[in-house]
Structure formats: structure tokens, C-alpha cells
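Okay, so here's the structure we're looking at.
Worth saying up front: this structure is predicted, and the values here are computed from it rather than measured.
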Amino acid sequence: MAGKHTLKFGVDVHGDEINNHPNVYPNGSFSFTGSETGTDFSDFLLGIDSNYTQGQGRDFYNRNRLIGVYAQDSWQWRPSLTLNYGLRWDILPPWWEKYNQLETMVPGENSVVFPGAPTGLVFPGDPGVPRTLAPTRYTNFAPRVGLAWSPTAERGLLSKLLGRSGTTSVHAAYGQFYTAIEGLSPGVMSGNPPYGFTYTTAVPTLLDEPNVSAQTGASLGQRFPLPALPYGATAAHPIAGINWAQYEPVTGVPGFAHSNVTPYAEDYSLTVERALGRNTVLRLGYVGTQAHHLLVLEEANPGDPALCLSLSQTQEVAPGSPTCGPFGESGSYTRANGQVVNGTRLALGSNFDSVSYQKTIGNSHDNAFEASLEHSSARLYVLAAYTWSQSIDQSSSLSEAVDPVDPGESRGLSAFDLTHNFVANYRYLLPVERWTKVANRWTLGWQVSGLTRFSTGFPVTLINNNDTSLLGSEPNGVNNFGVDQLQFTPGKLERNSNPFRNGGDAFNTALFSLPALGNFGNARRRFFHGPGSDNTDFALEKSTRVAGQQQITLRVEAFNVFNHAQFFGPAAVEGNIGSNTFGQIQMAAPPRLMQLSARYRF
């Protein structure tokens, strides 16, 4: 401390080591998304999948070292005003692997670490590719500032609003916060060529013969088992002689983009707190966050929809040549004039199928009004809080890929967005001794408590896994769904909060359809909410002192005490248009549950 200043300095050093022993689909995995008939279950009954995935990986040793240095000053400028300000410097390199078993894609670059690798596939040690794939940034300076102020006024309306000295406080803050790349990022890169391989077929296959094309009957080849490779390839000690044809077309690789930067968020808030009497406090506030450079998944080798459409009609191709359509971006086609087209994926070429970048190009913003009222007295405690908020992003997790043509088209409500949320918890000591005018162990220690919540539902996630965009951004185990959107016809959504009572679907499914081939769709991934929550939990408790410090407590609890049907949750409504249950409720909260418990304290 120095006078009115309280200074703080610090260094934060952090090291992580994650040793993975991956189990990468050794027995294979089928994906049914309705590519053959339009519905997933019908495809299953026919024995034709949308794609087949099988993999082989080996031990993977992720490493990370982080360091942060900070300085902060708390300055009590006046008795009623305190200022806080500080600066943090973070060095947050991306993850690396102990033996350099990482890879990414750089169009047009040939690897010197693995000569002969497909053009565009690069590794640590290649020109411009550090061990961490993306360079460490040394300019992550994060300022922050805040104040705590207790305003007063001697007369007028303002004095009535602020009350006497010490009953009103104002808190305001702004801060910038950098964050390390999540550990999942290198983890999903295990089992990729040439150290491993996760192979996803470029075309639908047969359920009983997953290495045979369902469309042409041609063999796709058997890729497994893979040959063993030594660890530690570098530019000075390259590894040549690999049969890369065994890995081609390279598919499913979630490469960490070499242009990535450090994600960060800007947080800001303003809160006013007012004491209402001796036992009650009212809080009103605004809280906001803007996040930048969030890590998202983006298709690195998308198909060209226009090229595919030019090969989509029988008169446009030679006799015997297949036509191009959904999931056909990696197929081979012959035009009517004899020209051979080896797929529609142009960014990395025909040696690659669907591969992804992990890119720090995402952003989000969240804004919320918060109000709470807290009362605490000898017998009664109540805390009631209300939040009105909206959260918008391009991707709510690494499992949600973004539009590779325009990532902004994937912008919509966050998966966790709740527009309105009211929560109250309360506790009351029952005055049984007053009612009976007898104070003993049987009348003392009675208490009721509860928790009540009313909230809007989570957004419904709309899913189109039919590749109608002809971009070929396919689910591959990292991204759970494709990036394509649905086509929405403006009209009344007719959201139904209780379909089991009122009948019908959770929303008007007639407004949604698959877009025309080559179109992305105009319906955002999430733009409306499902059914909300109307729940109250209640408890009655009796504590009885037996002798000395010994005490017995009996408690009767009822969860969802009013037995309201609640279809609440992020996956409560089926949003996959390829499912037979599209628009229907898929899950419900439990009905009324009651339990009795006893506790003996000694």
C-alpha cells in the first residue's frame, strides 16, 4: 500500500500436458442424413448411408505453456469513490505436440518435412509453419478499469432517489481478456495423415459393404491397417517414401489455421445498488460482452455449387457418367464433350475431400439487463432475480461449422440464449411457537423453502444435413452437423408451448423446406425459441435438538411441485428436417418427484 493506493503485481505461469490414447472409429461408423430418400431412417432401412467413417490413430502428446504478467492499482480517490485500473500481458501460444504430430492446410504449398505429401498439406517445420502451426502472439495487452462510487445528494428529488449516505452505490467496469486456445483443438487432430487416418467416404456406401459406392458399385479401396512411422519428422530429417495414395483423398482433417490469433473478449458492466431499508437491497444493471477471434470450424475445401449444377443433368454428361448432386463434390464426371471433371472441390484440389480449418474468425456479443431484489430478516430470506438478454454468435461450439463462403451467414442466436429468465429462492422460518404459544423442541425449528423459475426456452437448432448447398461441408465427428440452412417462408411460427396438451408440433413446420440445389438457405441456424420452463421446487424441514450438539433434521421435498409439463432444454425440439420427428418434442423435464430425507448431526 502507498497512501490511498493499493498496488498488486503478479505473474501467472501455467503448463499443460495431455497424453491421449485415441480410439478413432476402429470399427467404423455410419452416418444417415437422408441423402438417398430425404429421411435418415428410410436410408437406414435401404442400407445406404450418407457416408462411412473409419479411423486409426496412435498415442498423442499435447503440450502447452502459458504466461501472464499483470499490474493493478486500487486508488481510493475520495471516501465515496474508488478507482481500479490495471494491465495484463498474456503470452498464450497455441498447443503443440511432443513429436510434431500435427498438420494443417496451406493451398499451393509443398511439404519438405514429408516430401510427396499432397500439395497443400503441411506440417510443423515446413516453411512458415511453426511447431504450434500458428505463430505465438506477443501483443496481447489487456487493459481494465473500474470504479465503485457511493453518490449522495443533500436535497431535492435526487436526495430521495439516492437516500442517505452509504445506501446507494454505482459500479462500472470495462476489461479486455485474452484466452488460451481450448485443449480440444489439438485433441481432434490426433489420428490424421500420415500418423493416423480418419477416412470418411466421399460418396454414400452400402451398409453391408462400406467400401463400395452405393451409386456406382465401384470399390473405394481398403485403407487399413496403416504402416507405422517413426516420430519426430523435421525439415532437417524428412520422411519420404510414404504411399500417400493410401490416404487420398485426404478427408476429415481439422487443421489449425496458420493465420490464427489469440481470442479475446471485451466485458463491460454498469450496476446500481440501492438499500431499501435495513434488510432489502435492489440491484439494477447492464452487462455486455463482445468476443473476437473465437475458434470455429470452417470447410477448407468446399465444392463449387455452380460447377456441380453444370453437371447435374443427364444431357450435360456423357453416357454412363454419373450426374453431380448432394454429397457428390468429390466424384468424377465426364461432360457431354468428353471433358473429365475430377470433383468440384477447387481450393485444395481432388487429392482432398472434405477437410476443415480451425479458424479464429468467429465473434459473438451478449447484452443483458439484470435486476434483483434481496431481502434478509430474522425469519424470511428472499432473492428474486430477473434477466432480459440476448446472445448472438456464428458458432456456439467447435462442433458447429460456419458457412465457408460467408461465415456471417451462420450468425444467429447462441445455443444457450434465454431471452427472459426469472429465478426466486426463498426461505421462511415458521413461527409455530407463536401459533401454539408453546416454545419447545416440537414447535421450534420448522422451515419452508423453495426455488421458482420462469424462463423462455432455448433456441431450436435447425439442421439441414442434405448438402443442398453443394458445398460439401459434411459432419465428420468434429462438426456434428453440416452448415446448410433451411428455406423459411415468412409466416406465423405458431409456437406451441405444450404440444401434448394442445396437439400438433412445437412450431409450424410447413414454413420450412429444403432450399433449391446450390442455395444455402435463408433460415438462420437458430432464430426462435422452444418451450420454456415453469418450475417450482418446495421443501418442508423440521430440525429438532436431541441433546447437546446432537440434532435430527427431517426434510420433505417436492420437485416440480405443481407437476407442470415442461419441454425445456437445448435439444427439447427436433430441428433436423431430415428426421421423421422434425418439429416434434423430443424430451421433457421429470414430473413431480417427492423425497423424504433424515439427517443426524452430532
Side-chain angles (χ1 to χ4, degrees), residues 25-56 118 193 197-226 243-252 301 303-305 307-345 349-355 465-477 482 517 578:
Y25 301 110
N27 296 320
S29 173
F30 295 93
S31 174
F32 297 91
T33 62
S35 57
E36 183 71 16
T37 65
T39 58
D40 46 12
F41 190 64
S42 296
D43 285 6
F44 171 74
L45 293 177
L46 288 176
I48 301 177
D49 62 19
S50 295
N51 54 61
Y52 171 74
T53 299
Q54 189 173 3
Q56 178 181 332
F197 190 36
T198 302
Y199 171 64
T200 300
T201 59
V203 295
T205 67
L206 300 176
L207 188 59
D208 57 342
E209 294 184 88
N211 294 311
V212 173
S213 168
Q215 186 178 33
T216 65
S219 173
L220 302 176
Q222 175 56 263
R223 313 298 179 106
F224 305 94
L226 301 174
N243 178 21
W244 285 97
Q246 187 173 12
Y247 303 102
E248 295 173 351
V250 177
T251 182
N301 196 33
D304 182 339
L307 178 57
C308 185
L309 288 173
S310 72
L311 298 163
S312 62
Q313 305 299 318
T314 55
Q315 66 269 23
E316 296 170 331
V317 298
S321 172
T323 55
C324 186
F327 305 101
E329 290 82 4
S330 299
S332 181
Y333 309 96
T334 303
R335 292 189 182 275
N337 62 6
Q339 178 189 3
V340 176
V341 179
N342 291 317
T344 67
R345 299 183 184 274
S350 59
N351 289 332
F352 291 82
D353 188 32
S354 176
V355 290
N465 281 335
N466 296 276
D467 190 32
T468 48
S469 69
L470 304 179
L471 293 170
S473 180
E474 302 171 12
N476 60 13
L517 288 183

T205 and D49 side chains, donor-acceptor separation under 3.5 Å
yes

Of all the heavy-atom pairs spanning [X] and [Y], show the shortest one and how long it is.
X: L207; Y: P210; answer: O-CD, 4.1 Å
X: C324; Y: G328; answer: SG-O, 4.0 Å
X: P326; Y: L517; answer: CG-CD2, 3.6 Å
X: C308; Y: G325; answer: SG-N, 3.5 Å
X: P193; Y: V250; answer: CG-CG1, 4.3 Å
X: N51; Y: T201; answer: CA-OG1, 3.4 Å

Contact check, side chains of [X] and [Y], non-hydrogen atoms, under 4.5 Å:
X: N465; Y: S50; answer: no
X: S310; Y: R335; answer: yes
X: Y247; Y: P118; answer: no

Of the options L220, V212, T216, which is the one that meets V203 in a side-chain contact (heavy atoms from CB on, under 4.5 Å)?
L220

Apply the side-chain contact (heavy atoms from CB on, under 4.5 Å) test between T37 and each candidate in L45, D43, I48; give the one that qualifies.
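Going through L45, D43, I48 one by one, the side-chain contact (heavy atoms from CB on, under 4.5 Å) with T37 is satisfied by D43 alone.
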
Option from S350, S330, S332 for which side chain to side chain donor-acceptor pair (under 3.5 Å) with N342 holds:
S332

Using the rule given for side chain to side chain contact (heavy atoms under 4.5 Å, CB included), can you reason through L206 versus Y52, listing the C-alpha separation, both sets of side-chain angles and the distance that settles it, and then say yes or no?
CA-CA 9 Å; L206 300 176; Y52 171 74; over 6 Å; no

Tell me whether N337 contacts the main-chain N or O of Q339 through its side chain, where contact means a donor paired with an acceptor under 3.5 Å.
yes

Using modelled atom types only, decide if a donor and an acceptor are shared between the side chain of D467 and the backbone of F327 within a distance under 3.5 Å.
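Answer holds: yes.
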
Taking CZ in F30 as the centre, count heavy atoms belonging to other residues, nucleotides or ligands within less than 6.0 Å. Is the count above 12?
yes

Roughly how far apart are [X] [atom1] and [Y] [atom2], rounded to 0.5 Å?
X: N301; Y: T344; atom1: CG; atom2: OG1; answer: 9.0 Å
X: D353; Y: R345; atom1: CG; atom2: CZ; answer: 4.5 Å
X: S312; Y: L470; atom1: OG; atom2: CG; answer: 8.0 Å

Evaluate E329 against S354 for side chain to side chain contact (heavy atoms under 4.5 Å, CB included), listing each step before the verdict.
CA-CA 9 Å; E329 290 82 4; S354 176; over 6 Å; no

